[in-house]
There are 2 protein chains.
Amino acid sequence: MVKELDEKAEALPDHVGWRLWQASRAWQAQFAAAMRATGHSWFSEARAGLLGHIPRGGTRQAALIERAATTKQAVQQLLDGLEAEGVLERLPDPRDGRGKLVRYTRKGLDALRDGDRIKLQIELGYIGRIGEQRFAALMDALRALDAARGDVPETAAAAQDETSESN
Amino acid sequence: MVKELDEKAEALPDHVGWRLWQASRAWQAQFAAAMRATGHSWFSEARAGLLGHIPRGGTRQAALIERAATTKQAVQQLLDGLEAEGVLERLPDPRDGRGKLVRYTRKGLDALRDGDRIKLQIELGYIGRIGEQRFAALMDALRALDAARGDVPETAAAAQDETSESN
DNA sequence: TGAATATCGTCAAGTATCTTGACTATATGG
DNA sequence: CCATATAGTCAAGATACTTGACGATATTCA
């Protein structure tokens with residue numbers, strides 16, 4: 001643990017984006033580690049991101065693509081992997097000959113259950129670290145931020161023209 | 001904009017991890033889009049994550065590896081890319097024949113400057129969306145969370161044995 | 001009905017990021 | 001000098017994501 005301090009440890013960034021990123025990474029690392037330690041070795045952060053968009057009752061693959069903010073190919077490849085792992089299964093959609101329904105297998109539902117438990121444990125740890133009030137304020141701010149998406153007409157430079165609907 | 005609601009839009013997750021992840025992704029997408037729109041086409045989120053650990057005065061490559069939470073190979077590959085783009089340059093460390101110093105080029109410093117500007121604009125947008133108070137509470141909670149890293153002896157399942165120092 | 005068009009999913013190739021393992025060169029401590 | 005640790009590199013493979021093209025089914029509308 002010999003740390004040279006000849007270079008006066010210049011400060012790391014301290015703005016919302018950086019803080020959010022660091023906090024998000026920390027949470028995910030902790031969660032993923034716990035999931036793997038619980039036996040779900042197939043678990044990865046990318047897969048978690050997709051699973052978060054799949055309700056327990058299952059969904060249409062096309063609906064998933066809308067929810068997750070990626071391409072249908074990315075979604076499909078993640079689904080391929082999760083299906084190969086036996087976490088999900090795809091069935092033909094009886095109401096649309098083109099579509100597929102995605103739903104959890106028993107294994108997948110077990111993982112969700114364990115995930116919920118781990119999630120609560122991590123939350124408790126957070127509350128222990130910063131107190132209930134701060135934690136509540138954090139959740140409140142994050143929810144408010146999410147709810148206000150799309151409001152406030154982009155302050156110039158943030159040109160995010162999402163127009164094309166191809167691919 | 002035809003949205004079918006035959007499947008009663010099951011709720012998305014609503015816990016810290018998910019919220020942090022979503023907020024972080026949104027911030028990064030907005031920032032990266034603005035950076036690219038400003039002419040820094042080499043900008044990517046992975047690279048941003050590394051650059052955040054490089055102070056304006058430059059640093060030793062080895063010090064970078066400690067700061068960023070990845071392997072030296074990952075750091076090196078990112079540095080290779082950034083050096084090839086002309087954003088950074090690597091010089092031999094006069095104080096250690098093995099070491100290299102990493103520092104910004106003119107192009108890199110220009111990008112930092114633009115990044116700071118964009119960052120402030122996004123922050124203003126956030127404050128507009130959720131109000132000064134909530135924003136301050138958000139920053140406060142995130143800072144507190146970061147400061148309390150390592151406290152609270154891991155609630156069991158979160159086994160993160162970081163011991164080996166190889167590779 | 002039947003042709004034009006859109007939507008859903010797939011296949012395939014390429015890029016970016018990250019991981020693992022092995023290796024060279026320099027430093028440090030006897 | 002020798003043993004060991006540290007700094008950086010080279011190379012191969014895995015994972016995630018992007019882009020482009022395609023076949024099958026649905027929908028629209030003349």
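Proteins come first, then strands; the chains are lettered A, B, ... in the order of their sequence lines, and each starts at number 1.
Taking atom CD of residue B:Glu83 and atom P of nucleotide D:dG8, one finds them 12 Å apart after rounding to whole Å. Between the P atom of D:dA7 and the CG atom of B:Leu91 lies a distance of 18 Å, rounded to the nearest Å. If you take CG of B:Leu101 and P of C:dT26, they are 16 Å apart, rounded to a whole angstrom. In this structure, CG of B:Leu78 is placed 18 Å from P of C:dT15, rounded to the nearest angstrom. Atom-to-atom, CG of A:Leu82 to P of D:dA16 comes out at 9 Å; the value is rounded to the nearest Å. The nearest whole Å value for the distance from the CD atom in A:Gln73 to the P atom in C:dC11 is 12 Å. Distance CD1 (B:Ile65) to P (D:dT6): 12 Å, rounded to an integer number of Å. Atom NZ in B:Lys100 sits roughly 13 Å away from atom C1' in D:dC10 (whole-Å rounding).
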Test log, rule ring-ring contact (aromatic ring centres under 6.0 Å, His included), inputs B:Trp21 and B:His15: CA-CA 10 Å; B:Trp21 185 63; B:His15 53 85; over 10 Å; no
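Remark on the helix from C:dT1-D:dA30 to C:dG30-D:dC1: inter-end axis angle 20°, axes from five-pair C1' superpositions, rounded to 10°.
Applying the salt bridge (Lys or Arg N to Asp or Glu O under 4.0 Å) criterion to B:Asp110, with sequence neighbours excluded, gives B:Arg106, B:Arg113.
In this structure, of C:dA12, C:dC18, C:dT10, it is C:dA12 that holds the atom nearest to the side chain of A:Gln77. When each of D:dT18, D:dA11, D:dA16 is scored by its nearest atom to the side-chain atoms of A:Thr70, the top-ranked nucleotide is D:dT18. The side chain of A:Ala62 has C:dG9 as its nearest neighbour among C:dG21, D:dA24, C:dG9. Comparing D:dA24, C:dT17, C:dG9 by their nearest atom to the side chain of A:Gln61 picks out C:dG9. In this structure, the nucleotide among C:dT17, C:dA22, D:dT18 sitting nearest to the side chain of B:Arg47 is C:dT17.
For C:dG9, the base has a donor-acceptor partner in the side chain of A:Lys72 [N/O atoms by modelled type, under 3.5 angstrom].
Side chain of B:Tyr104 to backbone of B:Ile54: a donor-acceptor contact under 3.5 angstrom is found.
Contact annotation: A:Arg95 side-chain N/O to D:dT25 OP1/OP2 distance is not under 4.0 Å. The phosphate of D:dA7 (OP1 or OP2) has no side-chain N or O of B:Arg90 nearer than 4.0 angstrom.
Nearest-nucleotide positions on DNA chain D place A:Ser44 closer to the 5' end than the other of A:Asp96 and A:Ser44. Comparing A:Ala46 and B:Gln76, the nucleotide of DNA chain D nearest to each residue sits closer to the 5' end for B:Gln76.
Looking at A:Leu78, A:Leu79, A:Thr105 one by one, the single match for side chain to side chain contact (heavy atoms under 4.5 Å, CB included) with A:Leu88 turns out to be A:Leu79.
Salt bridge B:Lys119/A:Asp14: absent, no basic N to carboxylate O contact under 4.0 Å. A salt bridge does not link B:Arg129 with A:Asp146: every distance from a Lys NZ or Arg NE/NH1/NH2 to an Asp or Glu carboxylate oxygen is 4.0 Å or more.
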Counting only pairs under 3.5 Å, give me each side-chain donor-acceptor contact of residues 40-52 of chain A, with atom names and distances, residues two or more places apart or in other chains.
from, atom 1, to, atom 2, distance (Å)
A:His40, NE2, A:Asp114, OD2, 2.7
A:Ser44, OG, A:Arg47, N, 3.3
A:Arg47, NH1, A:Trp42, O, 2.8

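Side-chain contact between B:Arg117 and B:Thr38 is present, with at least one heavy-atom pair separated by less than 4.5 Å.
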